[in-house]
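Step one of this worksheet: look at the structure below.
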Number of protein chains: 2
Amino acid sequence: MLKLSRLTDYAAVVMAQIARHPQASHAAADLAEAVQLPHPTVSKTLKMLVKAGLLESQRGAQGGYRLARPASKITAADIISAIEGPVAMTECSQAEGGCELVATCGVADNWQRVSLAIRTLLESVTLAHLADTAPIKLPVQLPIQSISLSAASA
Amino acid sequence: MLKLSRLTDYAAVVMAQIARHPQASHAAADLAEAVQLPHPTVSKTLKMLVKAGLLESQRGAQGGYRLARPASKITAADIISAIEGPVAMTECSQAEGGCELVATCGVADNWQRVSLAIRTLLESVTLAHLADTAPIKLPVQLPIQSISLSAASA
DNA sequence: TTTATACAGTACTAAAATGGTACTCAATTA
DNA sequence: TAATTGAGTACCATTTTAGTACTGTATAAA
């Protein structure tokens with residue numbers, strides 16, 4: 001399914017929530033309440049996002065989380081990598097020379113190109129986009145066709 | 001990581017192998033040997049590909065597998081769906097109204113747009129592309145930027 | 001300076017998904 | 001009729017994921 005993990009989903013929702021009130025400091029408990037998810041799980045997610053440098057935290061009373069940089073500078077790829085590690089479709093597209101089947105594989109190169117295209121796409125989507133409640137119009141269906149691989153096979 | 005499952009990887013490799021010799025009928029054992037993977041696993045993968053309508057099979061002596069249609073008409077999305085089910089990034093982007101958190105989610109719409117963009121991308125990559133040992137040049141880095149979401153936010 | 005608040009870090013458990021295997025049945029061909 | 005080869009199902013082991021608990025630490029307010 002090429003599916004995101006549930007925690008990644010949570011992370012996106014929480015990040016969007018924070019992005020909608022960038023000035024405030026958000027306690028984990030408040031966020032959990034706002035998005036209707038269990039507190040410990042939200043807390044765990046928040047810690048990962050801090051570790052990845054997407055959020056900043058402050059301890060103590062009146063503490064909480066806030067964005068480390070503007071929502072327009074945080075990408076979907078950032079959020080995904082924070083939780084799941086680097087965006088890569090195959091084993092071999094993240095490690096260097098880890099796959100011993102290279103000889104018989106025959107699709108490695110092109111899979112990696114696809115992987116790169118997806119990563120690039122995810123890097124072009126920002127948290128600001130995601131947090132926007134008004135759905136943005138995405139004219140991707142036709143344009144992507146027009147720059148498809150077949151057009152580039154020359 | 002947005003990673004493909006290992007079986008999906010196998011499927012792509014096996015499909016590419018078949019695509020390189022479209023006339024021949026390929027027995028599971030031969031394919032397993034060719035791609036250096038365990039026979040039972042390859043066999044399982046092949047069955048799934050048949051079920052999805054990407055391969056046709058023939059039993060008995062001299063039987064085996066062959067493509068159900070030309071490699072140029074089989075997409076990466078087809079192969080992925082055959083093994084992992086529909087290409088969808090989130091739970092809610094495949095089922096209808098399954099998620100009860102819609103009210104507090106706030107990112108559902110835009111995630112689905114991203115999901116759609118990825119699906120479209122994967123549908124534009126064919127087995128013929130993947131099987132091509134000469135890597136195709138993929139000018140996706142810049143073009144995708146130029147059709148990015150931000151350009152469409154107006 | 002004490003106390004309450006809130007994040008950091010680690011470890012653990014339970015559940016689910018995944019990968020891999022085995023076994024029996026059915027079809028085809030020589 | 002025997003050999004070959006795929007179909008289908010069921011099963012088990014492993015890994016991954018999700019979720020929880022607990023202890024420690026920093027901050028701020030009283």
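Residue numbers begin at 1 in each chain, while the letters A, B, ... track the order of the sequences.
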N/O (side chain, B:Gln58) to phosphate O (OP1/OP2, D:dT4) under 4.0 Å: no
Contact under 4.0 Å: B:Thr41 side-chain N or O vs C:dT21 OP1/OP2: yes
What does B:Leu7 touch in the nucleic acid at a heavy-atom separation under 4.0 angstrom: a base, only the sugar-phosphate, or nothing? sugar-phosphate
Measure the distance from CG on B:Leu55 to P on D:dT5 and round it to the nearest whole Å. 17 Å
Minimum heavy-atom distance between A:Ala131 and A:Ala19, given as atom pair plus value: CB-CB, 4.1 Å
So, do A:Val14 and A:His26 sit near enough that their side-chain heavy atoms are less than 4.5 Å apart? no
Value in whole Å for how far the P atom of D:dT5 lies from CD of B:Glu33: 14 Å
Do the side chains of A:Arg69 and A:Asp78 get close enough for a salt bridge, i.e. N-O under 4.0 angstrom? yes
Once you round it to whole Å, what is the distance between C1' of D:dT17 and CE of A:Met48? 10 Å
Checking C:dT29, D:dT17, C:dA8 against the side chain of A:Ser5 (C-beta onward), the nearest is D:dT17
Nearest-nucleotide check on DNA chain C, B:Leu4 vs A:Gly60; residue mapping nearer the 5' end is A:Gly60
Output the rounded distance in Å from CZ (A:Arg66) to C1' (C:dC7). 14 Å
Would you mind telling me which of D:dA7, C:dG19, C:dA6 lies closest to the side-chain atoms of B:Val50? D:dA7
Between C1' on C:dA27 and CZ on B:Arg59, what's the gap in Å once rounded to a whole number? 5 Å
Working to the nearest 0.5 Å, report the span between CG of B:Leu2 and CD1 of B:Ile118. 5.5 Å
How far does OG1 of B:Thr8 sit from CE of A:Met89, to the nearest 0.5 angstrom? 9.0 Å
Across the strands shown, which category fits B:His26 at heavy-atom distances under 4.0 angstrom: base, sugar-phosphate, nothing? sugar-phosphate
Out of D:dA18, C:dT21, C:dC7, which nucleotide sits closest to the side chain of A:Arg6? D:dA18
If you find the nucleotide of DNA chain C closest to A:Ala61 and the one closest to A:Lys51, which residue's nucleotide is nearer the 5' end? A:Ala61
Could you state the atom-to-atom distance from CD1 of A:Ile83 to C1' of D:dT17 in whole Å? 13 Å
Whole angstrom is fine here: how far is it from CD1 in A:Ile18 over to C1' in C:dC7? 13 Å
Base, sugar-phosphate alone, or nothing: which one does B:Ala29 contact when heavy atoms must sit under 4.0 Å apart? nothing
Using whole Å, report how far NE2 of B:His39 lies from C1' of C:dA22. 13 Å
Choosing from D:dA7, C:dG20, D:dG19, which nucleotide comes nearest the side chain of A:Tyr10? D:dG19
Which of these nucleotides, C:dG19, D:dG6, C:dA8, is closest to any side-chain atom of B:Lys44? C:dG19
Shortest non-hydrogen separation from A:Ile83 to A:Thr45 and the atoms involved: CD1-CG2, 4.1 Å
Can you check whether any acceptor in the base of C:dG9 is under 3.5 Å from a donor in the side chain of A:Lys47, or vice versa? yes
Can you tell me if the side-chain N/O atoms of B:Ser43 get under 4.0 Å from OP1 or OP2 in D:dG6? no
